[in-house]
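Right, one structure below, let's go through it.
Quick note: numbers below take in every heavy atom, side chains included, and nothing from hydrogens, waters or symmetry partners. Each chain gets a letter, A, B and so on, in the order the sequences are listed, and its residues count up from 1. Keep in mind it's a predicted model, so treat the numbers as computed, not measured.
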Number of protein chains: 2
Amino acid sequence: MLADMSLRIALLGLLSGAGPASGYDLAKKFEHSLNHVWQAGHTQIYPELVKMAADGLVAVESEGARGRKIYTITPEGTHELRTWLTEHQPSVTVRSEVALQAFLLPLLDRKQAIAVMERIRAGFEARLAVLECQPGHGQALGRYALELGLRQARTSIEWADETLTDLRRA
Amino acid sequence: MLADMSLRIALLGLLSGAGPASGYDLAKKFEHSLNHVWQAGHTQIYPELVKMAADGLVAVESEGARGRKIYTITPEGTHELRTWLTEHQPSVTVRSEVALQAFLLPLLDRKQAIAVMERIRAGFEARLAVLECQPGHGQALGRYALELGLRQARTSIEWADETLTDLRRA
DNA sequence: GACGTCATGTAATCAGTTACATGATTGA
DNA sequence: TCAATCATGTAACTGATTACATGACGTC
């Protein structure tokens, strides 16, 4: 078993939850429903599907028009997915440019710090707007993650507002 | 200018905010104060400092005992840092294993889903405990980011609790 | 002298992004 | 016929992790 399985798991999860799909379809789903959870472009997805097929986790169900290849999850793939979900302790490596800017904010003078915080706030606001427009509130896959994203966005906006108040008062 | 400056910026920020330091010192600071914002080990930091010195952003101030090299930020380094802070629009690429598990949770049956959520909750609780023990509440650098981290951890725990209630009711 | 911490580095590998490349189909 | 979208891929590069390697200094 590989060390970092996240991309495979995300792909297996989509195939399991939303049925057979092509690499192209999966890339679209990454762009839309998965974007606040994990990211991957088609250049990463296509080769990964080939490797996963070689490992027996997925199989090409059929080849449609325009060379479209429909992948299905195999029983081994389903097993791998379940094992990861129930047994893998998720790592908590954070790498956030926003948090980094917040971390370094005290290096700036008051006026500049306020301007940076306002931009950060606007970013969170935009993110919240995107999540609110997202379907999947009632949808099976992704509804819990969406709720978490919404709450974190709202919390972040509150934090930005209070930080701005603090900066303006000082 | 490079595309991804985050590691450089983090190093410049630490040198600017906490004064001259060795690669070893900087690696320690990454482990302690920066860990909830950005991650980097010494194997990434040492070569990066060499490149940054070549680019004139930092300079070796002195060489101490045991081959210890003390780096200082240069005026060009300070300029690069300020420019990034005030002008760079932070990217919002999220890659969270926890959120991925939450996303895929509906694939599991009720009992398993509850067990996974309990583990996720425990993870957030542990994270909160670490952040609460962290100094830097009053400290210059990192206090805003710490406050954001604390709020997000608390929000995540609330989300986990309500999700658990929801799962148990169903 | 042995152990732990301080202190620096390289090499191999893996994950992820950007740029490049090709061709089919659909609709204006 | 032209443009947009569908659909797949490769190659080069950058960022990050893991494993390996070395040696100095302090203290028990």
Nearest heavy-atom contact between B/A21 and B/L15 is N-CD2, 3.7 Å

Nearest whole angstrom, please: distance from the P of D/dG15 to the OH of B/Y46. 20 Å

Given D/dT10, C/dA15, C/dT10, identify the nucleotide with an atom nearest to the side chain of A/P47. D/dT10

In whole Å, what is the span from the OH atom of A/Y71 to the P atom of D/dT8? 8 Å

Residues two or more places apart in sequence or in another chain: which of them pass side chain to side chain donor-acceptor pair (under 3.5 Å) with B/Q39? none

Test side chain to side chain donor-acceptor pair (under 3.5 Å) applied to A/E118 - qualifying residues, sequence neighbours left out: A/R168

D/dA7 P sits how many Å from A/L49 CG, rounded? 14 Å

Nucleotides 22-26 of chain C: which of its N/O atoms have a protein N/O under 3.5 Å away?
from, atom 1, to, atom 2, distance (Å)
C/dT25, O4', A/R66, NE, 3.2

Does the pair A/D25/A/K28 count as a salt bridge with the N-to-O cut at 4.0 Å? no

Rounded distance (Å) that lies between atom C1' of D/dA7 and atom CD1 of A/I70: 11 Å

B/E147 with B/R143: basic N within carboxylate O range, under 4.0 Å: no

Calculate the interatomic distance between A/D4 atom CG and C/dT13 atom P; express it in whole Å. 18 Å

Taking CD from B/E63 and C1' from D/dA24, how many angstroms apart are they, rounded to a whole number? 14 Å

side-chain contact (heavy atoms from CB on, under 4.5 Å) against B/F30, all qualifying residues, sequence neighbours excluded: B/L7, B/A10, B/L11, B/L14, B/L34, B/W38, B/A40, B/I45

Sub-3.5 Å pairs of nitrogen or oxygen atoms, protein against nucleotides 18-22 of chain D:
from, atom 1, to, atom 2, distance (Å)
D/dT18, O4, B/T43, OG1, 3.0

Within residues 17-33 of chain B: residues closer than 4.0 Å to DNA chain D (heavy atoms): none

C/dT17 OP1/OP2 closer than 4.0 Å to side-chain N/O of B/R95: yes

A/T163: which of A/D161, A/L167, A/T165 passes side chain to side chain contact (heavy atoms under 4.5 Å, CB included): A/L167

What is the distance from atom CD of B/Q152 to atom CG of B/L131, rounded to the nearest 0.5 Å? 10.0 Å

Please round to the nearest 0.5 Å and tell me the distance separating atom OG of B/S22 and atom CD of B/E63. 11.5 Å

Interatomic distance, CD@B/E132 vs CZ@B/R127, rounded to 0.5 Å, equals 12.0 Å

Starting from P on C/dG16, measure out to CE on A/M5 and report it in whole angstrom. 13 Å

Which of the following nucleotides, C/dG16, C/dT8, D/dA7, is nearest to the side chain of A/R68? D/dA7

If I take atom CD in residue A/Q39 and atom P in nucleotide C/dT17, what distance separates them, rounded to the nearest angstrom? 7 Å

Do the rings of A/Y46 and A/H42 sit parallel, tilted or perpendicular, given the 30° and 60° boundaries? perpendicular

